[in-house]
2 protein chains.
Amino acid sequence: MMASAPYASPCTCFQIRRAARVITGRYDAALAPLGLRITQFSVLAHLMTTPIALTALADMLVMDRTTLTRTLKPMLAAGWLTLEAEATDRRVKLARLTEAGTALFEQAVPLWRNVQRGVKDDLGRDFVRDLHDRLTTVWEGLSHAP
Amino acid sequence: MMASAPYASPCTCFQIRRAARVITGRYDAALAPLGLRITQFSVLAHLMTTPIALTALADMLVMDRTTLTRTLKPMLAAGWLTLEAEATDRRVKLARLTEAGTALFEQAVPLWRNVQRGVKDDLGRDFVRDLHDRLTTVWEGLSHAP
DNA sequence: TTCTTTTAATTGCATATACAATGTTGTATA
DNA sequence: TATACAACATTGTATATGCAATTAAAAGAA
């Protein structure tokens, strides 16, 4: 996991995956004291306001529905959330945070803020803001086009 | 895997993972006709010039050594490369492309070029160049500073 | 109302990812 | 030289990821 010399691959996919691995490692390490992964943190964050149907949640997370199913599995086992069939349409399952899940998220927020700040400190506030804009553009530009 | 409305998460990690998923899907789809993933393409690309020891290869790919072991497994089974113990230090294993692996890579290059061009067309040449620079900076800035 | 189609979620399969622990081999030291 | 130490790779465990196929339920058509 160590980098030797600045190597600029011409492959956009390699570049973004490499950067994602490095960043993910940083965030996972920050949340590890709570036994929480950044992926799980994102799920909790999206559920803080209201229960959400799994398909809608997968859309928000821009994640395959089947991936979400497996992502939720350990979180359900940990008791951070529950699934309940929707009354009007029993195909639909609503994901809802438990008190434990809510409490965990609130504990995690300061750790998340720390690592966000750390990244900003290392890369620069303007840099990170611009990076965000570009990553959003990537998602918008590529997820709609084939 | 569909996006609904532009949602700008404040989490850098979420942002980059989301973008990485979208881009990876695009590249994997482009290489699918050859039964090849973009991750595997990257490995082949790095081995085209010369055989490389696994630790050195993992360093280049900025990937955990153990991840590399599993990444290589199906590629070895497919006969695209071989592992051989280094003569001077039998701990070291050299990964070397086979003829089949070399041929496959050469077949894959045009498909990779296509998808690279497609991404540039969708996002703009300057945008992609700047994105590359920033992703390289992310990697350099974060992988050295814990 | 029955048959078909569509939609929601899961499961099977395969790869991607990394930490901890292990086994092996080379190097340094007492 | 015997022993401790460091380096290389693999395996165990667990999560991350998505395509294809399946099951269940709702909606639409005959």
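Residue numbering restarts at 1 for every chain, and letters A, B, ... go by the order of the sequence lines.
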### Task
Please name all residues satisfying side chain to side chain contact (heavy atoms under 4.5 Å, CB included) with Thr24(B), sequence neighbours left out, ordered by chain then number.
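Residues passing side chain to side chain contact (heavy atoms under 4.5 Å, CB included) with Thr24(B): Cys13(A), Arg17(A), Asp28(B), Ile38(B).
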
### Query
Considering residues at least two apart in sequence or located in another chain, which fulfil the side chain to side chain contact (heavy atoms under 4.5 Å, CB included) criterion with Asp121(A)?
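Partners of Asp121(A) by the side chain to side chain contact (heavy atoms under 4.5 Å, CB included) criterion, ordered by chain and then number, come out as Arg117(A).
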
Applying side-chain hydrogen bond (donor to acceptor under 3.5 Å, both in side chains), name anything that partners [X], two or more places apart in sequence or on another chain.
X: Thr39(B); value: none
X: Asp130(B); value: Arg134(A), Arg134(B)
X: Asp89(B); value: Arg91(B)

Short heteroatom pairs, N/O only, protein and nucleotides 20-25 of chain C, under 3.5 Å:
none

May I ask you to list the residues of [range], by number, that have any heavy atom positioned under 4.0 Å from an atom of DNA chain D?
range: residues 47-56 of chain B; value: Leu54(B), Thr55(B)
range: residues 29-43 of chain B; value: none
range: residues 107-115 of chain A; value: none

Sequence neighbours left out, cut at 3.5 Å: what donor-acceptor pairs do the side chains of residues 66-79 of chain B make with other protein atoms?
{"from": "Thr66(B)", "atom 1": "OG1", "to": "Asp64(B)", "atom 2": "OD2", "distance (Å)": "2.7"}
{"from": "Thr69(B)", "atom 1": "OG1", "to": "Arg65(B)", "atom 2": "O", "distance (Å)": "3.3"}
{"from": "Thr71(B)", "atom 1": "OG1", "to": "Thr67(B)", "atom 2": "O", "distance (Å)": "2.9"}

Please list, for nucleotides 2-5 of chain C, all pairs of protein and nucleotide N/O atoms separated by less than 3.5 Å.
none

### Task
Can you run down the salt bridge (Lys or Arg N to Asp or Glu O under 4.0 Å) pairs that involve residues 95-110 of chain B, sequence neighbours left out, and say none if there aren't any?
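Pairs touching residues 95-110 of chain B that pass the test: Glu84(B)-Arg96(B).
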
